[in-house]
Chemist: 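Got a structure for you, written out below as structure tokens; questions coming shortly.
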Amino acid sequence: MDFAQIQREVYDLANSDKPISRYITHALDAIEKAIRLYGTEDLCLSFNGGKDCMVLLHLFAAVLYKHFHDSINTLNIQAVYITYPNSFTEVDNFVKECVRSYRIDLVTIEGSIKQALAKYSKLRPNVKAILVGTRKNDPHGGRLSEFMPTDLDWPPFMRVHPILDWHYATIWEFLRTLKVPYCILYDKGYTSLGGTDNTHPNPDLLNPSQPCGYDPAWKLVDESRERCSRE
């Protein structure tokens, strides 16, 4: 992965006159603030290979190169992957591909989010804050703030939500404009990824003329229907 190119393209788009620029600028500011507060050693990324995580990973890589380009070859992105039961092979393979290309120091943990974070805090006791790709349109996303600590009965982390105000269409505009890699399932009608037992192609994208029977995820118009294929 060419981190210099990532940094250049992301910041060029942030400084452009396109409507998406304000979303990118705000997200970059949040990530830079998190680095100022916690440094790179105490900051990690919650990563599961989904579209929102890919936007966040790409933004994080751009910020890291901007500020640490002299040491980028030795600087790994710390991340935690909390796996779903019955995960898609396509998702697992894509996560492995991202680990290689973005130089991610990934810790993979099974179990509930609360249990996984407790395990992660023991494995990486230095980490104090986690970048999370949650948006307001996600379940419980509407009550979140950009910097928000975990609840008192959870492992103590500061949750940082740089793309909280992004829309579904904003996510796909960013990914497609900058040609950011994403999981192949999104080209087969999946708009939100969970496990194989509770996730299906989005019925709103049904298109018998397509080889897979569905239009790609970026064609979904109504963002409120993003998770209608999740049980």
Side-chain angles (χ1 to χ4, degrees), residues 1-81 95 98-99 101-106 127-138 141-142 144-149 157-183 186 218 223:
M1 189 66 66
D2 187 340
F3 285 92
Q5 181 178 349
I6 290 174
Q7 187 248 329
R8 182 175 60 255
E9 292 179 347
V10 167
Y11 280 89
D12 282 351
L13 190 56
N15 294 323
S16 72
D17 58 359
K18 295 183 178 181
I20 195 176
S21 66
R22 67 183 182 90
Y23 292 97
I24 298 173
T25 299
H26 188 86
L28 292 172
D29 288 345
I31 295 171
E32 291 182 344
K33 179 180 178 180
I35 291 176
R36 288 196 303 272
L37 291 173
Y38 301 100
T40 58
E41 293 299 319
D42 293 355
L43 181 65
C44 87
L45 170 70
S46 176
F47 186 73
N48 62 10
K51 61 188 183 304
D52 303 319
C53 290
M54 284 309 303
V55 168
L56 195 50
L57 172 61
H58 210 71
L59 291 168
F60 194 23
V63 173
L64 287 176
Y65 187 85
K66 177 184 178 182
H67 292 283
F68 305 100
H69 58 271
D70 290 335
S71 58
I72 196 67
N73 289 328
T74 59
L75 187 66
N76 289 324
I77 295 175
Q78 294 190 101
V80 56
Y81 176 25
V95 168
C98 290
V99 166
S101 58
Y102 284 87
R103 303 172 191 168
I104 302 175
D105 176 14
L106 185 70
V127 173
K128 303 296 188 295
I130 302 178
L131 298 170
V132 184
T134 301
R135 292 180 287 115
K136 285 185 177 178
N137 193 48
D138 293 327
L144 297 177
S145 56
E146 195 168 70
F147 282 74
M148 190 170 189
F157 290 103
M158 177 62 73
R159 294 171 291 172
V160 184
H161 307 104
I163 60 171
L164 192 61
D165 291 329
W166 288 43
H167 297 283
Y168 181 85
T170 317
I171 293 293
W172 281 109
E173 181 180 355
F174 181 89
L175 294 174
R176 299 183 71 234
T177 298
L178 298 184
K179 297 180 172 58
V180 179
Y182 57 82
C183 181
Y186 291 117
W218 57 268
E223 72 174 358

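One-based numbering along the sequence shown. What you see is a predicted model, and the numbers here were worked out from it, not measured in a lab.
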Chemist: Apply side-chain contact (heavy atoms from CB on, under 4.5 Å) to the pair Phe157 and Val127, showing each step before the final yes or no.
Modeler: CA-CA 8 Å; Phe157 290 103; Val127 173; 3.9 Å; yes
Chemist: To the nearest 0.5 Å, what is the distance between NZ on Lys179 and NE2 on His58?
Modeler: 11.0 Å
Chemist: Using a 4.5 Å cut-off on heavy atoms from C-beta on, say whether the side chain of Val55 contacts that of Leu175.
Modeler: yes
Chemist: At their closest point, which heavy atom of Cys44 faces which heavy atom of Val80, and how far apart are they?
Modeler: SG-CG1, 4.2 Å
Chemist: Looking at CD1 of Ile24 and OG of Ser16, how far apart are the two atoms once the value is rounded to the nearest 0.5 Å?
Modeler: 6.5 Å
Chemist: For the side chain to side chain contact (heavy atoms under 4.5 Å, CB included) test, which of Ile31, Val132, Leu59 pairs with Pro162?
Modeler: Ile31
Chemist: Looking only at non-hydrogen atoms, find the nearest pair between Ile163 and Asp52 and report the distance.
Modeler: CD1-O, 3.7 Å
Chemist: From the options Val63, Leu131, Val160, select the one residue that forms a side chain to side chain contact (heavy atoms under 4.5 Å, CB included) with Ile35.
Modeler: Val63
Chemist: So which heavy atom on Asn48 is nearest to which on Cys53, and how close?
Modeler: OD1-SG, 3.2 Å
Chemist: Measuring from atom CD of Gln78 to atom CG of Leu45, what distance do you get when rounded to the nearest 0.5 angstrom?
Modeler: 10.5 Å
Chemist: Looking at Ala14, is its backbone amide N or carbonyl O close enough to the side chain of Thr25 to form a donor-acceptor pair, meaning the two atoms are under 3.5 Å apart?
Modeler: yes
Chemist: Who pairs with Ser101 by side chain to side chain contact (heavy atoms under 4.5 Å, CB included), at least two apart in sequence or on another chain?
Modeler: Met1
Chemist: At their closest point, which heavy atom of Leu144 faces which heavy atom of His161, and how far apart are they?
Modeler: CD1-NE2, 3.7 Å
Chemist: Mind listing the closest non-hydrogen atom pair of Leu13 and Ser21 along with its distance?
Modeler: O-CB, 3.4 Å
Chemist: What's the shortest heavy-atom distance between Phe147 and Ala30, and which atoms?
Modeler: CZ-O, 3.7 Å
Chemist: I'd like to know whether Met54 forms a side-chain contact (heavy atoms from CB on, under 4.5 Å) with Cys98, so could you lay out the CA-CA distance, the side-chain angles of the two residues, the decisive distance to 0.1 Å, and finally the verdict.
Modeler: CA-CA 9 Å; Met54 284 309 303; Cys98 290; 3.6 Å; yes
Chemist: Output yes when a side-chain donor or acceptor of Arg135 lies under 3.5 Å from a complementary backbone atom of Leu164, and no otherwise.
Modeler: no
Chemist: Step by step, would you call Leu57 with Ile104 a side-chain contact (heavy atoms from CB on, under 4.5 Å)?
Modeler: CA-CA 10 Å; Leu57 172 61; Ile104 302 175; 3.9 Å; yes
Chemist: Take His26 and Glu146, measure what side-chain contact (heavy atoms from CB on, under 4.5 Å) needs, and give me the verdict at the end.
Modeler: CA-CA 10 Å; His26 188 86; Glu146 195 168 70; 2.6 Å; yes
Chemist: Under the criterion side chain to side chain contact (heavy atoms under 4.5 Å, CB included), which of Ile6, Leu43, Thr40, Leu28 is the partner of Phe60?
Modeler: Leu43
Chemist: Glu32 vs Lys66, test: salt bridge (charged side-chain N to carboxylate O under 4.0 Å, His left out). Steps then yes/no.
Modeler: CA-CA 10 Å; Glu32 291 182 344; Lys66 177 184 178 182; 3.5 Å; yes
Chemist: Can you tell me which residue pairs pass the side chain to side chain donor-acceptor pair (under 3.5 Å) test with a partner in residues 165-175, sequence neighbours excluded?
Modeler: Lys136-Asp165, His167-Glu223, Tyr168-Trp172
Chemist: Within 45° of the axis and under 6.0 Å from the centre of the six-membered ring of Tyr186, does NZ or CZ of Lys51 qualify?
Modeler: no
